[in-house]
Amino acid sequence: MAGFSNVRVFERRSRPSCRDNGFGVILPPNGLRALQHLGLYDAVVARGNRIDALAQATYDGTVVSKWHIPTVLEDNFTQEEIESQRVPPHSVSILGGHLRDMFFNTLPPDALQWDMAVRSIGRRDPMARGGPIQVQFVSGHEEEFDFLIGADGIRSKVRELLFEARHFRWSGEQTIRGRVDLSDEKVAAAGIELPFPHNEQWEQWGDGRRFAYTLTSCPDKSDSRILSWYGTFRDEYHHRSVSNWMRCAREEIFINFPKHVRQLLEVTSDDNVKVWRVGDMQHRRRWRALDSAVTLVGDAVHPTVHNIVQGHSQAMESCLALAVCLAEADDTTFALRRYESFRLGRTSEAAKIAWRVAQLGMGNGCFTTTETNAHKDMPTRIDEQEYAQFINYDVLEHLARHKNTKAKWGRVMRPIE
C-alpha cells in the first residue's frame, strides 16, 4: 500500500492547559528504541530524566535488589545480540504531558482536533462491503474515512462499538499517584531527604502496599525538578475526595513507611493527585473490524497494569509495527493479519507478567509479606532474564524476521484468559 493521505487525529478530551502535564512515565530501553525509529529519542532524553538502575527496597528502606540496566544487558546477551537490537542502555522518566505534546507536535497543521468523543461508527450502507467508514461524534459532527485506528485507551469507544465485549479485570489494587515540584518553596522548606540518586527508580514494598518514585526533569523552569510518585495498596479503603485519600495515605496506608514518604504525601497538592482502580482486560485474538477497515492499538486492545512499566512502550511498538505492515502490504486485510500475529504474543506476555507482579504485591496466592519480614519474602518484580528479554528488543528488527514466516497465533502464545 502506498500509505494514507489526509491523516486526522480526534482526541476526545478538551485541549489541555499548559499545567496539565500528567504524571511520570517510565520508558525502558525497548520503548526508547521505538522512539529512535520515530525520531523523538533525542527530544525525550533532553526533556526527561535518565534512569540507569531499578531498585527494590523493603518498606523501611532496606535495599533488597538493584538492577543496573547496562549490566542486565551484558549478563544476559552476547555483544552481537545487544548490537543487533541497538537499544539504549538506560530508561527515561518523563512527564506524560510532555511526551504527549512531542507526539502531537509531529502532526501536520490542523490534523489534530480536540473534544471529539465518538458516538457511532459504521458503513453508510450497513449491508454493503467496502466503502467509506462513517463516524459520528457526540457533538453531532460527522466524518468519513477509508481506514480507522482506535487508540483511545482501556475505555475505548471504538472497541465498545465494533468488537465483542471485554470486561474490566480488576486486580484488587487501588493506586494513588501524584507529582511534586522539589524546587517549590513549600516543598524545599519541608527538608525532604530522598534515599536515592536522581538516576534511579525506587520501589518500596510493605504488607500489600508499595510506594514508588522517580525524578523527572522539567525544563520549563531551569531550577525545577519534578518527582513523580505512586502508592499501590489493597482495596480496603473507600473515600470520595482526593483530600480524604491523601489524609488516609499519610495517616494509615503508608504510616509505617519512611518519613520522606509521608512528607511527599504532605506537600503534594490535591490538584496533582489522582486515584483509580488498577486492572486490565482479556486480550482478544482479532484486532480488526468492518472488513479490515478498523483496527486497535495500545490499551484499547492490549492493556497492561503498570507493574513492569511496559504500557507506553508496548503501545509504541504496536504503532510502529502497524505502520510497517500497512506500508508493505497490498491490502489492509493481509496487513492487519500480519500485525495481529506479530504483536499478540509479546503484548499478552507483558500483560501476564505485570498481572503476576500485581498479585504478588497484593499478597495473593503463594506470597505474603508482613512489616517485620518483608526483606525475607519480598519478590523480585520479575526474573532478571525475563526483564532482559523485554528491554533488549527492537520491534522493527523482529518484524523483519517475522515477514516471511507462516507462524500462526496459536503456535506462538495463548492470550490471557
Side-chain angles (χ1 to χ4, degrees), residues 16 18-55 66-74 77 79 81-107 177 179-183 194 196-203 212-230 298 306 308-321 323 350 387-388 390-398:
C18 60
R19 295 172 56 87
D20 185 16
N21 286 320
F23 304 103
V25 172
I26 303 292
L27 300 172
N30 59 300
L32 295 177
R33 181 60 180 148
L35 287 170
Q36 287 178 331
H37 290 300
L38 293 168
L40 293 174
Y41 170 79
D42 291 339
V44 167
V45 171
R47 191 151 200 178
N49 181 44
R50 175 174 172 143
I51 303 295
D52 295 313
L54 295 79
K66 184 179 289 189
W67 291 350
H68 294 274
I69 296 174
T71 304
V72 169
L73 292 171
E74 292 170 2
F77 299 98
Q79 191 62 32
E81 289 172 326
I82 294 173
E83 291 176 356
S84 70
Q85 303 304 305
R86 300 184 298 282
V87 298
H90 61 89
S91 298
V92 167
S93 173
I94 186 171
L95 287 176
H98 291 168
L99 183 65
R100 171 202 64 210
D101 292 343
M102 289 179 191
F103 277 103
F104 284 166
N105 288 339
T106 66
L107 295 171
R177 172 165 278 190
R179 71 175 189 269
V180 60
D181 185 347
L182 297 179
S183 64
L194 299 174
F196 59 93
H198 70 88
N199 64 334
E200 292 185 2
Q201 175 192 354
W202 264 55
E203 188 174 73
Y213 25 50
T214 184
L215 285 165
T216 304
S217 294
C218 181
D220 294 336
K221 294 184 291 183
S222 60
D223 59 345
S224 178
R225 296 284 278 182
I226 302 297
L227 184 140
S228 287
W229 57 263
Y230 71 83
H306 61 265
I308 61 172
V309 293
Q310 279 290 327
H312 286 79
S313 295
Q314 292 304 309
M316 288 187 291
E317 287 182 3
S318 289
C319 289
L320 275 169
Y387 172 71
F390 260 101
I391 65 173
N392 189 42
Y393 186 91
D394 180 348
V395 62
L396 296 191
E397 193 274 338
H398 281 264

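Hydrogens, waters and symmetry mates play no part in the numbers below; they use all other heavy atoms, side chains included.
- Residues Arg50 and Val45 form no side-chain contact, since every pair of their non-hydrogen atoms from C-beta on lies 4.5 Å or further apart.
- Counting only heavy atoms from C-beta outward, the side chains of Ile69 and Leu54 approach each other to under 4.5 Å.
- Side-chain contact check for Phe23 versus Tyr230: every heavy-atom pair is 4.5 Å or farther apart.
- With hydrogens and angles ignored, the 3.5 Å screen pairs no side-chain donor or acceptor of Asp394 with any backbone N or O of Arg86.
- Glu74 pairs by the side-chain hydrogen bond (donor to acceptor under 3.5 Å, both in side chains) definition with nothing, not counting sequence neighbours.
- Looking at every heavy atom in both residues, Ser228 comes nearest to Gly24 through OG-N, 2.9 Å.
- No side-chain heavy atom of Val92 sits less than 4.5 Å from a side-chain heavy atom of Leu35.
- Within the 3.5 Å criterion, the main-chain N or O of Asp101 finds a donor-acceptor partner in the side chain of Asn105.
- Asn199 and His90 share no side-chain donor-acceptor pair at under 3.5 Å.
- With a 4.5 Å cut-off on side-chain heavy atoms, Leu194 and Leu182 count as touching.
- Asn21 contributes no side-chain N or O that, together with a main-chain N or O of Leu95, makes up a donor-acceptor pair within less than 3.5 Å.
- Two residues are said to be in side-chain contact when any heavy atoms from C-beta on lie closer than 4.5 Å; Met316 and Leu27 meet this criterion.
- Annotation: side chain of Pro28 is not in contact with side chain of Phe390 (no heavy-atom distance under 4.5 Å).
- Looking only at side-chain heavy atoms (C-beta outward), Asn30 and Gln314 come within less than 4.5 Å of each other.
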Note to self: Set out, in order, the CA-CA distance, both residues' side-chain angles and the distance that settles salt bridge (charged side-chain N to carboxylate O under 4.0 Å, His left out) for Glu397 and Arg33, then state yes or no.
What the structure shows: CA-CA 11 Å; Glu397 193 274 338; Arg33 181 60 180 148; over 6 Å; no

